[in-house]
Amino acid sequence: MAAAATTPLRPQFRQCTPLSPPPPATFSSAPFLLTPSTTSFLKIRLRAAASTAAVLNGNPADHAQAAPRTEIRLGLPSKGRMANDTLELLKDCQLAVRQVNPRQYVADIPLLPNLEVWFQRPKDIVRKLLSGDLDLGFVGLDTVSEYGQGDEDLVIVHDALDYGSCHLSVAIPKYGIFENISSIEELAKMPQWTAEKPLRVATGFTYLGPKFMKENGLKHVVFSTADGALEAAPAMGIADAILDLVSSGTTLRENNLKEIEGGVVLESQAVFIASRKSLIQHNGVLDITHEILERLEAHLRAAGQFTVVANMRGSSAEEVAERILGQPSLSGLQGPTVSPVFCKRDGIVRAEYYAIVICVRKKALYESIQQLRAIGGSGVLVSPLTYIFDEETPRWPQLLSNLGLLGEKH
């Protein structure tokens, strides 16, 4: 059978229709209206873009090439209860944060011009304060201690903001070899811990943990980092103990863990912190810090306080004041305010009553009202206090002294 003839392959070319040029661009003649909300949005977006360009991955070595910024930056926690409580505190201090888009990480506070608010993870707030990318911040003291590691450039402006309270503590199982262990001293003396078989501690605090164990005589310890619930680590056999933040202790108890005497590493709550370098060198940072501090102090001092106003008969203001000061719950902040209440009887203007004003703590409110009634008080009015401003907030001179600026005019 003869083989079939083969035809050589030849390339096939097809002429294509030339591409038509694109149509000319057209623009709508409809006007674009700038409302206050869109203007605010554009300003924040432009400032965010400029600021982002200047932030070079938080690397201090790169800042020599970046243009010096003029805006002041405040770092706030981006998620969780700490974030919500911080925003609520600022709002109570009339410093509400305006965030145009909840997905944006930059916002502002209308009452503080030239201030940018940046939402960050708490540990990144501390890191960026040290690198110079932030000037001020609100975080937990535990975060400052773990990631600041004692750096002197971090200055705690206010150390007791009354939220985010917890403590960093060692916890061990209630069972097995730990059943009779009740203190950190007893834990350190257990013969089980050797160089070959050290105490295994699960924690996210890899700076504070080793430091604390070394200070308390535990030589043979290894640390493992874990994400999520550390309380499960001992039951799973991957750790002998944990070092974690504790609020109520309920989670520990539900997982058969216990705290031990001397095992608390740190008592923590939310704090207001700043970069020392920014406070001294960055124009405007010290002034904004002063205003925020004053608002915080005034609000926190007024929390749980009530103004009590009542009328009392008396022969003189001094005689009424004497009766008031004789009661243990009626002394107020610095003493009562006593003013005459004038009335006109038979054509004669005279003071038969005196109005007294005092500040009373919430816990002593009912007791104070009973004492007022007992000495002749009537028409008692009670209203909550919003702010108590001192002549000067005590923490301000402390901050200036820390910065070496006490005695200078600010």
Side-chain angles (χ1 to χ4, degrees), residues 88-95 111 157-163 165 269 272 287 289-402 405-410:
E88 196 64 32
L89 174 63
L90 290 173
K91 184 179 178 181
D92 289 340
C93 296
Q94 303 299 311
L95 295 175
L111 288 182
V157 181
H158 198 300
D159 60 350
L161 297 180
D162 287 346
Y163 70 95
S165 296
Q269 64 175 302
F272 176 34
D287 292 335
T289 301
H290 189 198
E291 180 171 349
I292 294 175
L293 179 60
E294 282 219 293
R295 289 174 178 268
L296 289 172
E297 289 272 72
H299 170 68
L300 292 171
R301 190 173 182 203
Q305 295 269 10
F306 287 84
T307 301
V308 177
V309 181
N311 289 333
M312 291 182 64
R313 286 185 179 273
S315 58
S316 68
E318 290 76 13
E319 185 266 329
V320 171
E322 188 72 30
R323 273 189 280 160
I324 295 170
L325 291 172
Q327 302 297 318
S329 298
L330 303 182
S331 58
L333 294 176
Q334 295 172 325
T337 299
V338 182
S339 306
V341 178
F342 293 97
C343 62
K344 190 173 184 179
R345 296 185 187 276
D346 301 327
I348 301 175
V349 176
R350 67 183 69 183
E352 296 181 353
Y353 284 89
Y354 288 85
I356 63 107
V357 181
I358 57 173
C359 291
V360 176
R361 293 197 65 82
K362 184 177 180 179
K363 292 181 179 179
L365 180 60
Y366 186 66
E367 180 185 356
S368 300
I369 292 174
Q370 287 180 312
Q371 291 177 7
L372 269 175
R373 287 170 173 168
I375 59 175
S378 62
V380 181
L381 304 177
V382 179
S383 56
L385 278 169
T386 306
Y387 305 104
I388 299 177
F389 284 96
D390 284 320
E391 184 177 351
E392 179 62 85
T393 170
R395 285 181 171 84
W396 179 244
Q398 293 173 11
L399 175 63
L400 294 180
S401 177
N402 188 348
L405 301 175
L406 192 62
E408 297 185 15
K409 188 176 180 180
H410 300 283

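None of the values given here were measured: they were computed from a predicted structure. Positions are given from 1 along the sequence.
Here the side chains of Asp390 and Glu297 are not in contact, with every heavy-atom distance at 4.5 Å or above. By the 4.5 Å heavy-atom criterion applied to side chains, Leu95 and His299 are not counted as neighbours. For the pair Asp159/Arg395, a side-chain contact is recorded, criterion being any heavy-atom separation below 4.5 Å from C-beta on. Residues Tyr163 and Glu88 form no side-chain contact, since every pair of their non-hydrogen atoms from C-beta on lies 4.5 Å or further apart.
Distance check: Ile358 CD1 to Leu330 CG gives 4.5 Å after rounding to the nearest 0.5 Å. With rounding to the nearest 0.5 Å, the separation of CZ in Arg313 from CD in Glu319 is 12.5 Å. Atom CG of Leu400 sits about 8.0 Å away from atom NE2 of His290, to the nearest 0.5 Å. Rounding to the nearest 0.5 angstrom, the gap separating the OH atom in Tyr354 from the CD1 atom in Ile324 is 11.5 Å. For the atom pair OG (Ser368) and CZ (Arg361), the distance works out to 11.5 Å, reported to the nearest 0.5 Å. For the atom pair CD of Glu291 and CG of Asp287, the computed distance is 9.0 Å after rounding to the nearest 0.5 Å.
The backbone N or O of Cys93 sits less than 3.5 Å from a side-chain atom of Arg295, completing a donor-acceptor pair. Panel note: side chain Gln371, backbone Ser329; a donor-acceptor pair is recorded below 3.5 Å.
Other residues, nucleotides and ligands place more than 12 heavy atoms under 6.0 Å from the CZ atom of Phe306.
The two residues Val380 and Ala310 have their closest heavy-atom pair at CG2-CB, 3.9 Å. Residues Met312 and Ile375 approach most closely at CE-O, 3.1 Å, considering heavy atoms. A pairwise comparison of heavy atoms in Gln269 and Leu161 identifies OE1-N, 3.3 Å as the closest pair. Nearest heavy atoms, Val338 versus Ile356: CG2-CG2, 4.0 Å. Of all the heavy atoms in Gln305 and Ile388, the pair that sits closest is CG-CD1, 4.3 Å. Residues Phe389 and Glu294 come closest through the heavy atom pair CE2-O, 3.8 Å.
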Just do the side-chain contact (heavy atoms from CB on, under 4.5 Å) check on Val308 and Leu365 with the steps written out, would you? CA-CA 9 Å; Val308 177; Leu365 180 60; 3.9 Å; yes
Take Cys359 and Leu385 through the side-chain contact (heavy atoms from CB on, under 4.5 Å) test and state the conclusion after the steps. CA-CA 9 Å; Cys359 291; Leu385 278 169; 3.7 Å; yes
Could you check Val157 against Leu296 for side-chain contact (heavy atoms from CB on, under 4.5 Å), going step by step and ending with a plain yes or no? CA-CA 11 Å; Val157 181; Leu296 289 172; over 6 Å; no
